[in-house]
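See below for the structure under consideration.
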Amino acid sequence: WRCHMKRKIAVFLIVAVITASICPMLALSTSAQNAELFSDYYKVKYSTQNGMPDNSVYDIAQTSDGMIWLATASGLVKYDGFGFELINRENTDGFIASAVTNLFADSQGNLWIGTNDSGLICKSESGYKTYDIESGAPSNAVRGIDERSDGSIVVATANGIYSINVDGVVTVFDNPNGLSVQANIM
């Protein structure tokens, strides 16, 4: 038994030494390939020092029009490739939140904006629409957003899950034992 165990340890040590000597070469090879692959691109670090409204970014989404959206403690930030625009309750009519925590760009071109205390906001061509406790949501603290194959939006909150169909009707999943396997919500 001891001879068999010593042989296993020796084989393990040999494999470990070979792996340790090969891995740095693989890492260098991969780094060189990545450098060549991205040689036509450059890196820019954005912060409040060069125009970004907030240094803390919680989520990022890109809508079908090419805009980049950032969820920050200061609000929703739109980046068009040239500059940043801060959107929050202080500077935008119909936008009821300051801090934004989650973003989701749906298949229809809408941007869904989750907040920690103001519910869910849908930004569409017609403006902003809010879904919160008053409109039937189980909580105003949004934790996740996704889209079902039928186009409805599924929202996870601090107190439960709900969906919004394409007509804007809110349905709360209120099964006391949790969602059933047949629910197939996402």
Side-chain angles (χ1 to χ4, degrees), residues 34 37-38 41 46 52-186:
N34 285 343
L37 206 96
F38 295 108
Y41 299 93
Y46 290 108
M52 200 161 124
D54 196 309
N55 284 332
S56 297
V57 175
Y58 305 122
D59 204 358
I60 301 172
Q62 183 174 19
T63 47
S64 57
D65 60 1
M67 294 298 147
I68 304 289
W69 300 88
L70 309 172
T72 74
S74 300
L76 179 65
V77 176
K78 176 182 173 183
Y79 180 67
D80 62 5
F82 299 102
F84 297 94
E85 176 187 351
L86 177 63
I87 301 166
N88 60 26
R89 76 171 97 211
E90 286 81 29
N91 65 14
T92 305
D93 289 337
F95 196 87
I96 61 147
S98 286
V100 175
T101 56
N102 308 85
L103 298 172
F104 182 79
D106 72 13
S107 62
Q108 302 302 310
N110 301 313
L111 180 67
W112 295 86
I113 305 152
T115 71
N116 199 42
D117 58 5
S118 301
L120 180 72
I121 302 166
C122 177
K123 180 191 178 309
S124 66
E125 289 180 0
S126 61
Y128 298 99
K129 168 119 176 82
T130 301
Y131 296 90
D132 56 12
I133 290 175
E134 292 175 11
S135 59
S139 170
N140 284 343
V142 176
R143 301 295 184 246
I145 310 163
D146 204 350
E147 182 176 14
R148 296 173 66 179
S149 60
D150 65 1
S152 62
I153 299 298
V154 178
V155 185
T157 73
N159 293 336
I161 299 172
Y162 69 99
S163 69
I164 304 166
N165 72 12
V166 294
D167 296 321
V169 177
V170 173
T171 302
V172 177
F173 297 101
D174 58 0
N175 181 345
N177 299 318
L179 295 175
S180 68
V181 176
Q182 293 81 22
N184 192 22
I185 63 165
M186 296 197 194

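Nothing fancy with the numbering, it's 1 onward along the sequence.
Partners of Asn55 under the side-chain hydrogen bond (donor to acceptor under 3.5 Å, both in side chains) rule, at least two apart in sequence or in another chain, are Thr48. In this structure, Asp93 has no side chain to side chain contact (heavy atoms under 4.5 Å, CB included) partners at least two apart in sequence or on a different chain. Every residue two or more places apart in sequence or in another chain that forms a side chain to side chain contact (heavy atoms under 4.5 Å, CB included) with Glu134 is listed here: Asp132. Under the rule for a side-chain hydrogen bond (donor to acceptor under 3.5 Å, both in side chains), the partners of Ser74 that lie at least two apart in sequence or sit in another chain are Asp54. Partners of Asp106 by side-chain hydrogen bond (donor to acceptor under 3.5 Å, both in side chains), not counting sequence neighbours, listed by chain and number: Asn110, Trp112. Residues forming a side chain to side chain contact (heavy atoms under 4.5 Å, CB included) with Ser163 (at least two apart in sequence, or on another chain): Val154, Thr171, Phe173. Under the side chain to side chain contact (heavy atoms under 4.5 Å, CB included) criterion, Tyr58 pairs with Ser56, Ala71, Ala73, not counting sequence neighbours. Not counting sequence neighbours, the partners of Asp65 by the side-chain hydrogen bond (donor to acceptor under 3.5 Å, both in side chains) test are Thr63.
In this structure, the side chains of Asp80 and Met67 come closer than 4.5 Å at one or more pairs of heavy atoms. Between Leu111 and Leu76, the closest side-chain pair of non-hydrogen atoms falls below 4.5 Å. Taking the side chain as every heavy atom from C-beta outward, Ile113 and Phe95 approach each other to under 4.5 Å. Using a 4.5 Å cut-off on side-chain heavy atoms (C-beta onward), Gln108 and Val166 make no contact.
From Ile68, atom CD1 reaches atom CD of Gln62 across 4.0 Å, with rounding to the nearest 0.5 Å. Note that CD1 of Ile164 is 12.5 Å distant from CZ of Arg148, once rounded to the nearest 0.5 Å. Here OG1 of Thr115 is found 12.5 Å from CG of Asn88. Values are rounded to the nearest 0.5 Å. Distance check, rounded to the nearest 0.5 Å: CG of Asp117 to OG of Ser139 gives 10.0 Å. In this structure, Leu70 CG and Leu103 CG are separated by 7.5 Å, a value rounded to the nearest 0.5 Å. Between Asn116 atom CG and Thr157 atom OG1 the span is 11.0 Å, to the nearest 0.5 Å.
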Can I get a per-line list of side-chain donor-acceptor pairs under 3.5 Å for residues 120-130, giving both atom names and the distance, sequence neighbours left out?
| unit_1 | atom_1 | unit_2 | atom_2 | d |
| --- | --- | --- | --- | --- |
| Ser124 | OG | Ser126 | N | 3.4 |
| Ser124 | OG | Ser126 | OG | 3.0 |

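Minimum heavy-atom separation, Ala61 to Ala105: CB-N, 4.4 Å. Ile87 and Lys78 make their closest contact through CD1-CB, 4.5 Å (heavy atoms, listed as atom of the first residue, atom of the second, distance).
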**Request:** Could you walk me through whether Ile60 and Tyr79 pass the side-chain contact (heavy atoms from CB on, under 4.5 Å) test, one step at a time?
**Result:** CA-CA 11 Å; Ile60 301 172; Tyr79 180 67; over 6 Å; no
**Request:** Test side-chain contact (heavy atoms from CB on, under 4.5 Å) on Ile153 and Ile145 and set out the steps.
**Result:** CA-CA 7 Å; Ile153 299 298; Ile145 310 163; 3.7 Å; yes
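Asn102 places no side-chain N or O within donor-acceptor distance of the main-chain N or O of Asp59, the cut-off being under 3.5 Å.
Side-chain rings of Tyr46 and Phe84 approach one another, their centers coming within less than 6.0 Å.
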